[in-house]
Amino acid sequence: MIPPISGAVGPLGPSEWSVPSLGQLGQIDPNAQVGAGATSGASGTTGSFGTALTSAIDSLEASQASATTASQQLATGQLSDPTQAVTAVENASLEMDFASQIQGKLVSDATNIFSTTI
């Protein structure tokens with residue numbers, strides 16, 4: 001049995017569990033392949049890393065939305081199989097943990113690069 005969520009934290013809504021959109025940071029090209037050559041210039045950079053990163057963040061946002069929907073359906077009795085909600089929430093949690101690890105590694109590497117003296 002899944003224990004009830006404590007209200008001690010306060011009312012939580014979908015905005016508390018979602019990742020905001022990237023807006024104009026990059027456009028996803030469904031035909032782009034990871035590993036394709038990157039282009040750069042003074043007007044901006046677009047390439048395989050940016051596309052892969054944007055795609056991964058959009059996937060993270062979608063999994064968070066799926067977990068929110070499944071949780072709400074479970075709470076309101078619209079979901080007959082609770083394992084679907086548990087699976088959606090766990091997948092979203094794992095994706096968020098992985099994204100957090102990637103972010104930490106990127107920050108650490110950038111710090112190392114910027115502190116390097118020549």
Contacts table for residues 89-107: side-chain donor-acceptor under 3.5 angstrom, sequence neighbours left out:
unit_1: Asn91; atom_1: ND2; unit_2: Thr87; atom_2: O; d: 3.4
unit_1: Glu95; atom_1: OE1; unit_2: Ser63; atom_2: OG; d: 3.3

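- The CD atom of Gln84 sits 12.5 Å away from the OG1 atom of Thr69 when rounded to the nearest 0.5 Å.
- No donor-acceptor pair closer than 3.5 Å links the side chain of Ser59 to the backbone N or O of Ser55.
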